[in-house]
Structure formats: structure tokens, C-alpha cells
Amino acid sequence: MSEERSLNFLEEIIENDIAAGKNNGRVHTRFPPEPNGYLHIGHATSICLNFGLARKYNGKCNLRFDDTNPVTEETEYVESIKNDIKWLGFEWDGEYYASDYFETLYEYAVTLIKKGFAYVDDSTAEEIAEMKGNLNTPGKESPCRSRSIEENLRLFEEMRDGKYKDGEKTLRAKIDMAHPNLLLRDPLMYRIKHEHHHRTGDQWCIYPMYDFAHGQSDSIEEITHSICTLEFIHHRPLYDWFIEQLGIFPSHQYEFARRNLTYTVMSKRKLLQLVNEKHVSGWNDPRMPTISGMRRRGYPAAALRQFSDTIGIARRENIVDIAMLEFCVRENLNKTSNRVMAVLDPVKLVITNYPEGKEDIFDAGNNPEDPNGGTRQVPFSRELWIEREDFMEVAAKKYFRLAPGNMVRLKSAYIVQCTGCLKDDAGNITEVHCTYLPESKSGHDTSGLTVKGTIHWVSVPHARTAEVRMYDRLFRIEDPSNEEGNFKDYINPDSMNVLPGVYIEPALAGAKPGEAVQFMRKGYFCVDTESTPDKLIFNRTVTLKDAWVKEVKKG
RNA sequence: AGUGCGAUGGUGUAACGGUAGCAUCACAGACUCUGACUCUGUUUGUCUAGGUUCGAAUCCUAGUCGCACUACCA
């Protein structure tokens with residue numbers, strides 16, 4: 001039955017907490033995106049982690065938008081984020097916004113001022129940076145540090161009332177300007193921004209910094225396990241300090257290593273650049289590692305969940321081979337997608353002993369992996385389209401497709417024997433000729449023959465056409481971010497190859513956007529969102545593994 | 001340089017003082033009306049040097065290497 005699976009380090013922490021009766025055994029996580037961009041595969045694994053942990057331990061998981069910077073945040077992103085999480089198959093327990101807590105946060109700040117743990121600083125950004133010191137020299141205390149509590153209270157209220165311009169004053173925590181952790185050298189709690197906020201409008205002109213919003217929001221929601229990536233590890237002492245001084249619910253932060261993928265970039269800044277500079281068509285371009293891009297590409301949500309599960313979770317840096325993701329995609333699609341025939345690079349096959357005008361209709365199984373997958377009808381005639389690469393005038397060794405004298409099975413139809421080919425003046429093959437064996441009809445084969453090769457085909461008079469977009473990796477090297485020079489220098493020039501007139505079998509005529517199929521022997525494809533009944537468009541989701549390609553490469 | 005975190009096959013992840021395992025990749029073979037899927041097998045690993053111990057990936061010491069932190073971003 002089910003194998004005993006070892007726990008990851010977060011599950012261990014949680015199980016220990018439950019065993020110790022911490023929080024009465026309650027588990028409450030949260031996924032805290034900032035609504036300033038689209039979610040990517042890294043977020044997807046974080047979503048699976050946070051929601052998955054809550055699910056596993058009968059807990060809850062909130063969705064909380066970390067919207068404390070009105071300059072970059074927009075409602076458009078809120079909607080796309082919610083949509084992506086739902087598509088991934090998760091439901092949040094509470095939908096919250098850090099901006100919901102602005103009033104409470106303000107009161108918390110007042111509390112800290114009253115306790116002498118915060119002060120208003122008149123220093124400019126440059127002065128603050130100057131006084132901060134650096135990695136090996138301690139900082140200097142601001143002249144404002146010794147202001148009286150009464151004055152701080154008055155000034156902070158005036159900041160809120162809009163009496164000061166952007167950057168004129170800040171509220172800082174009073175901790176230790178000589179602390180080896182730079183974040184503890186009197187970090188900023190509030191800054192002035194006369195900006196319109198996507199939810200609170202013009203109600204506020206002071207906004208809390210991440211460090212004075214995130215932990216407090218966790219605490220307000222009584223989050224038990226606040227999970228974030230490793231770069232926030234230096235923030236944890238500050239996270240704990242604020243909670244302790246405030247005496248509020250003690251949420252705890254735990255960090256894990258973000259997961260990187262080969263042949264891609266993950267930072268929002270770089271992704272934004274790809275979009276803005278039109279290297280891709282948008283955030284949901286099928287080559288993008290965004291959730292919306294992968295969805296459009298045809299990656300099933302279940303594959304993303306499986307991927308997240310498979311790669312696990314740890315605290316060491318890593319770069320996951322994209323082959324792992326592709327494996328998960330293939331494994332899911334193999335079980336669920338119907339097989340159909342499409343000829344991407346066509347050459348005509350003429351069956352010289354098949355009467356002109358005659359046709360057969362074959363029932364072809366939709367999915368060998370699914371006994372209840374049903375069948376569809378596929379028309380057959382004297383002239384068929386086949387792949388150009390399925391014929392060789394002189395067969396290479398181990399090549400068992402069409403070549404003069406060779407026999408192959410036409411999938412779901414007859415066995416044919418190649419008799420030769422026609423060429424144009426330039427020597428290009430224009431037609432392949434063969435004869436068929438009537439007694440080899442699929443399902444009623446009495447020929448007694450077995451052939452090594454089976455190829456796919458589409459009947460010429462019955463064929464429909466579609467545009468097929470052949471996608472490949474966006475970058476041509478494993479780790480574009482770590483390479484010398486600009487990451488954009490490593491964009492794969494062949495990341496998208498559009499085939500305008502691919503022949504597809506007629507059963508595909510009514511395919512709807514989002515529908516996933518396997519073009520037999522060619523890969524998994526899905527109908528693009530831009531597809532219409534008049535102009536069908538397919539995206540290549542992922543290729544099939546191809547032992548023949550490897551054989552050819554070996555030479 | 002200061003502080004913190006980390007180091008297990010090509011990649012990801014287990015082993016919590018007692019047989020270095022799983023997945024993927026690669027390779028070889030079987031099967032096949034998809035050169036797919038499936039099945040079988042193979043190669044490849046504990047950063048280094050000491051120490052503790054009957055026994056060390058695990059504990060200790062010293063080193064090496066990598067990453068993060070010096071935004072009024074999150």
C-alpha cells in the first residue's frame with residue numbers, strides 16, 4: 001500500500017508542536033503575495049506548501065495580500081493571483097489584506113512610541129543610509145533618537161495627518177545602531193507616501209514597511225506557522241522583537257530555500273523585463289514560468305502539485321532540473337489526454353493499389369491508458385499526409401519506418417509496403433508510394449504479419465488545418481541568471497516556432513480552448529486561448545520522449 | 001571583512017550513532033498497432049583533515065567552498 005514517507009523539516013516542526021500541545025494543536029498558515037506581479041512556479045510550490053500543510057494537519061490557510069506599498073500594487077494583480085490559486089486547486093480560509101490592518105498597525109506603532117521603542121526621524125534617506133554603517137562598521141545614532149515620547153507622539157500624528165511631504169520624516173524602531181544584523185539598526189517602520197492605494201484610496205499617506213506589517217498581520221490572524229523563503233531569515237529577530245514588545249499573539253517564522261529551475265529565470269524583475277521588452281507576448285506567454293503561462297501552455301494543475309511534492313523542501317540552495325517538471329507533466333497528460341493524429345511536416349503518401357474515390361472509416365481508440373476513453377472515427381483514403389521524417393529513400397540502420405521495400409502499420413488502419421517515391425527537379429521528395437494489404441485491417445488483421453514500425457497519418461481529402469506553435473525552453477543555458485553578462489543574451493532563439501498549416505484529423509474540428517490532446521508520436525498539445533473554430537491554434541505543451549532522436553544523435 | 005544559513009550521485013530529496021534509500025536524468029534490454037507508456041537492469045554520491053565511538057552522512061574541532069544581508073521594496 002502506501003509507502004511510509006519521511007517528513008520534511010517543516011512537517012517535523014509542526015508535528016513536534018502538535019505533540020507539545022502548542023496552540024492547542026492548531027495549525028494555521030498563510031500565503032502572502034504582494035499584488036505587484038503575476039505568480040510563477042516558485043509561488044506555486046509555496047502555495048502547495050502552505051495550503052498542503054494546512055490540509056494535512058486539518059488546519060487553515062489564509063490568503064493575505066501584502067499590500068503596503070501603493071506605488072507598485074494593483075487590483076489587476078489581486079484578481080490574477082486569486083484565479084491562479086483556485087486553478088491550482090486550493091481554497092483559502094480567509095481572504096485578508098495587510099491594508100485591512102492599517103488602523104491597528106498605527107495603534108501598535110503608537111504603543112511602541114509610548115514604550116520608548118520608536119521615534120520619529122527627520123533624517124533624509126541618504127542620511128539614514130549614511131548613519132547605518134555597513135557590514136563591518138557600526139552605525140551612528142540619529143540626532144532625533146532622543147526625542148521625547150510626547151514629541152514623537154505629536155510628530156507621528158502629524159505624519160498621519162499629512163503635514164509632511166514624502167520622505168520628510170520616518171518612524172523608526174529604537175533598537176541598536178551597532179547591531180551586527182543591519183536590520184536591527186533602528187529599522188524604518190513607517191514612511192510617508194502621498195499615493196493612492198488600490199484599496200484604502202487616499203485615506204492614508206503613511207504606510208508601514210514590510211517588517212512592521214508582516215509579522216503583525218500574522219499575529220492578528222493568529223498564524224501559527226509563518227513560512228517564507230530563506231532571504232527573510234535575517235528578518236526573524238526583528239519579526240520576534242516587534243511581537244514581543246507589543247505582547248501580541250506569538251506567530252513564528254520558518255524559512256525554506258526557494259526553488260530554482262534550470263533553463264529559466266524566476267525573479268519578478270526579470271520576468272517583467274521579458275514582458276516589457278516584448279521578448280514574450282505577455283505574462284501568460286506559454287514560455288513564461290508563470291502559473292498563467294504554464295496553464296496556457298497546457299501544464300495540468302495536478303502536474304504542478306505533483307512537481308511540488310516530488311522536489312520536496314529543504315534549506316539548501318538548489319536548482320531543480322526542468323526535466324523533473326516535464327516528467328510530471330507527461331505523467332499526468334499520459335493518463336488523461338486523448339490520442340489524435342496530426343502531421344506537422346507533411347509529405348504525401350499514395351497507396352497505389354487503393355481505389356480512387358474509395359474510403360474507409362476506422363474506429364480508433366482515444367486513449368490506451370483509459371479503457372473507458374471511447375473511440376472516434378477516422379476517415380481513410382488513397383492519399384494520406386505523413387511526416388516527412390517517416391520516409392527515407394535509403395534507410396539508416398535501425399530505422400524501421402518507410403523506405404523502399406519496408407513495411408509499416410498505418411496507425412489504426414492497414415499495413416503498407418513502400419514501393420518508391422517521386423521527386424521534383426531539385427531532388428526533393430514530393431510523393432511516397434506504397435501498396436496496402438487489405439487483410440491487415442486494424443482489428444481484423446488476418447495477414448499474420450508483424451511490422452516493427454507504426455506511423456500516424458491524416459487523409460488528404462478529409463484533413464483540416466491548424467496553426468501549431470512549437471514551444472521550447474525560453475533559455476538555451478541551464479542557469480541564465482548566474483551566467484556572465486545579461487540574462488537576455490541567453491534567450492533561446494527557437495523558443496517558439498509557428499507551423500501555420502498543420503494537417504489534423506477531422507475529429508479535432510470542434511476542439512475547445514484549453515483542451516489537451518496527444519498528437520501521436522509528436523507530443524502533448526493543447527488548444528490555445530486564442531483559438532477559434534475558424535482558426536484552430538495548438539500549443540505544444542511538451543514533447544514525447546524520443547528514443548529515435550537519441551539514436552540519430554549517436555550517429 | 002561582520003553576522004547568519006548551508007554543503008549527500010548530473011539534478012532534487014531521505015537516512016535523526018547501526019545495510020547510504022527514493023524520484024528524475026543518463027545508459028542497456030524486454031514489451032509495443034505511439035521508437036510513447038509500462039517493465040527489468042546498470043553507472044554515478046556523504047566538501048576536506050583530524051578526533052570521539054565497537055560503529056559517523058549524522059556528534060566534536062579546524063579548515064574549504066557556496067549563498068544571503070549594507071532599498072523610505074516585499
Side-chain angles (χ1 to χ4, degrees), chain A residues 3 5-8 12 32-34 36 66-69 71-73 98 121 123-125 128-129 132-139 166-172 179-183 185 188-193 207 209-211 213-214 228-237 255 257 259 262 268 310-328 330-331 334-335 339 341 364-365 368-369 398-401 408-413 415 440 442-443 445 450-456 478 518-524 543-551:
Chain A
E3 292 246 329
R5 241 196 121 197
S6 55
L7 303 177
N8 65 47
E12 268 180 32
E34 183 189 11
N36 70 345
D66 233 333
D67 55 351
T68 56
N69 184 1
V71 181
T72 54
E73 294 152 5
D121 197 344
S123 310
T124 64
I128 288 176
K132 187 160 199 168
N134 61 36
L135 295 176
N136 14 271
T137 55
D166 287 11
E168 206 175 327
K169 289 195 175 356
T170 55
L171 183 73
R172 300 177 69 178
H179 199 105
N181 181 345
L182 269 33
L183 283 161
R185 320 243 264 228
L188 265 57
M189 293 166 61
Y190 270 91
R191 75 289 214 191
I192 299 170
K193 278 179 191 285
Y207 292 93
M209 301 288 290
Y210 167 85
D211 286 306
H214 200 99
C228 62
T229 47
L230 229 36
E231 70 263 30
F232 289 98
I233 196 164
H234 302 277
H235 295 247
R236 192 172 61 207
E255 311 85 14
R259 281 154 293 188
T262 55
K268 269 186 194 174
T310 307
I311 62 177
I313 180 81
R315 281 164 71 88
R316 51 179 168 264
E317 59 178 308
N318 59 75
I319 178 159
V320 182
D321 194 337
I322 199 163
M324 200 88 81
L325 213 206
E326 291 174 343
F327 168 81
C328 295
R330 289 192 188 101
E331 189 168 65
N334 177 47
K335 286 181 234 156
R339 273 59 170 171
M341 294 195 282
E369 305 290 324
K398 292 195 189 173
Y399 182 84
F400 42 84
R401 303 176 189 175
V408 299
R409 158 80 60 185
L410 294 171
K411 177 68 188 174
S412 300
I415 292 174
S440 67
S442 186
D445 189 340
T450 54
V451 293
K452 187 87 172 135
T454 300
I455 65 172
H456 61 278
E478 279 199 2
Q518 183 196 102
F519 287 171
M520 291 206 101
R521 306 207 301 138
K522 286 284 128 188
Y524 295 99
T543 59
L544 256 24
K545 295 221 289 186
D546 192 337
W548 173 244
V549 166
K550 288 178 190 167
E551 195 63 42

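Residue numbers begin at 1 in each chain, while the letters A, B, ... track the order of the sequences.
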Between A71(B) atom P and Leu182(A) atom CG, what is the distance in whole Å? 8 Å
Among A26(B), U38(B), G12(B), the one nearest any side-chain atom of Glu331(A) is U38(B)
Mind checking Arg409(A) for me? I need base, sugar-phosphate or nothing, with any heavy atom below 4.0 Å counting as a touch. base
Separation of the C1' atoms in C22(B) and A15(B), to the nearest angstrom: 11 Å
Heavy atoms only, 4.0 Å cut-off, all strands: where does Glu551(A) land among base, sugar-phosphate and nothing? nothing
Shortest side-chain distance from Ala323(A), nucleotide among C73(B), U24(B), U11(B): U24(B)
My understanding is that a pair needs two contacts under 3.5 Å, Watson-Crick or G-U wobble. By that rule, which nucleotide pairs with U48(B)? A62(B)
Comparing nearest nucleotides in RNA chain B, the 5'-proximal residue of the pair His214(A), Ile319(A) is Ile319(A)
Partner nucleotide of A23(B) by Watson-Crick or wobble geometry (both distances under 3.5 Å): U11(B)
Between A14(B), A36(B), A23(B), which nucleotide has the shortest distance from any of its atoms to the side chain of Thr310(A)? A23(B)
What is the distance, rounded to the nearest whole Å, between atom CZ of Arg316(A) and atom P of U11(B)? 12 Å
Distance from Arg330(A) atom CZ to Lys545(A) atom NZ, nearest 0.5 Å? 7.0 Å
Quick one: on RNA chain B, does Leu7(A) or Lys132(A) contact a more 5' nucleotide (nearest heavy atom)? Leu7(A)
For atom CD of Glu369(A) and atom P of C31(B), their distance in whole Å: 19 Å
Taking OP1 and OP2 of U34(B), is either one under 4.0 Å from a side-chain nitrogen or oxygen of Arg330(A)? no
Using the P atom on both, measure A23(B) against C39(B) and round to a whole Å. 10 Å
Which nucleotide wins on minimum distance to the side chain of Asn136(A), given the candidates U70(B), A26(B), A1(B)? A1(B)
Using a heavy-atom cut-off of 4.0 Å across all strands, would you classify His456(A) as base, sugar-phosphate, or nothing? nothing
Is there a donor and acceptor pair closer than 3.5 Å between the side chain of Ser412(A) and the base of C33(B)? no
Polar side-chain contact Arg401(A)-G35(B) base: donor and acceptor under 3.5 Å: yes
For G17(B), give its Watson-Crick or G-U wobble partner with both distances under 3.5 Å, or none. none
Tell me which nucleotide, if any, is Watson-Crick or G-U wobble paired with A1(B) when both distances must be under 3.5 Å. none
Starting at CG of Asp445(A) and ending at C1' of C33(B), how long is that distance when rounded to a whole Å? 9 Å
For the P atoms, the ones on U44(B) and on G21(B), what distance do you get once it is rounded to whole angstrom? 12 Å
Contact class for Tyr207(A) (heavy atom, under 4.0 Å): base, sugar-phosphate, or nothing? nothing
Derivation of the salt bridge (Lys or Arg N to Asp or Glu O under 4.0 Å) call for Asp445(A) and Arg409(A): CA-CA 11 Å; Asp445(A) 189 340; Arg409(A) 158 80 60 185; 2.7 Å; yes
Between C27(B) atom C1' and Lys545(A) atom NZ, what is the distance in whole Å? 11 Å
Provide the distance between the two P atoms, one in A62(B) and one in G4(B), to the nearest whole Å. 14 Å
Partner nucleotide, any strand, of U40(B) [Watson-Crick/G-U, under 3.5 Å]: A28(B)
Please give the nucleotide sitting opposite G35(B) as a Watson-Crick or G-U wobble pair, both distances under 3.5 Å, or none. none
Rounded to whole angstrom, note down the C1' distance from C69(B) over to U11(B). 28 Å
If you measure from NZ on Lys411(A) to CD1 on Ile455(A), what distance do you get to the nearest 0.5 Å? 12.5 Å
Does His456(A) have its ring centroid less than 6.0 Å away from the ring centroid of Phe519(A)? no
Please pick, from U32(B), U34(B), A74(B), the nucleotide with the shortest atom-to-atom distance to any side-chain atom of Lys452(A). U32(B)
Expressed as a whole number of Å, how far does the P atom of C25(B) sit from that of G12(B)? 15 Å
Base-pairing assignment for A71(B) (Watson-Crick or G-U wobble, both under 3.5 Å): none
Measure from the side-chain heavy atoms of Thr170(A) and tell me the nearest of U13(B), C72(B), G35(B). C72(B)
When the distance from CD of Glu317(A) to P of U11(B) is rounded to whole Å, what number comes out? 12 Å
Arg401(A) versus Val408(A), closest heavy-atom pair with distance: C-CG1, 3.5 Å
A74(B) base stacked by Tyr210(A)? Criteria: ring centres under 5.5 Å, plane angle under 30°. no
Measuring from the side chain of Glu34(A) (C-beta onward, heavy atoms only), which nucleotide among C27(B), A74(B), A23(B) has the closest atom? A74(B)
Salt bridge (Lys or Arg N to Asp or Glu O under 4.0 Å) between Glu551(A) and Lys398(A), worked out: CA-CA 8 Å; Glu551(A) 195 63 42; Lys398(A) 292 195 189 173; 3.3 Å; yes
Rounded to the nearest angstrom, tell me the gap between atom CZ in Phe400(A) and atom P in U32(B). 12 Å
Length of the line joining Met324(A):CE and A26(B):C1', which is rounded to integer Å: 13 Å
Within the structure shown, what part of the strands sits under 4.0 Å from Leu544(A) by heavy-atom distance: base, sugar-phosphate, or nothing? base
What heavy-atom pair brings Thr72(A) and Glu34(A) nearest, and what distance separates the two atoms? OG1-OE2, 3.4 Å
Determine whether Phe232(A) and His214(A) make a side-chain contact, defined as any pair of heavy atoms from C-beta on separated by less than 4.5 Å. no
Within the 4.0 Å heavy-atom criterion, would you say Phe232(A) contacts the bases, only the backbone, or no part of the nucleic acid? base
Of the options A26(B), G4(B), G35(B), whose atoms approach the side-chain atoms of Ile233(A) most closely? G4(B)
Considering only G4(B), U13(B), C37(B), which nucleotide approaches the side chain of Asn334(A) most closely? C37(B)
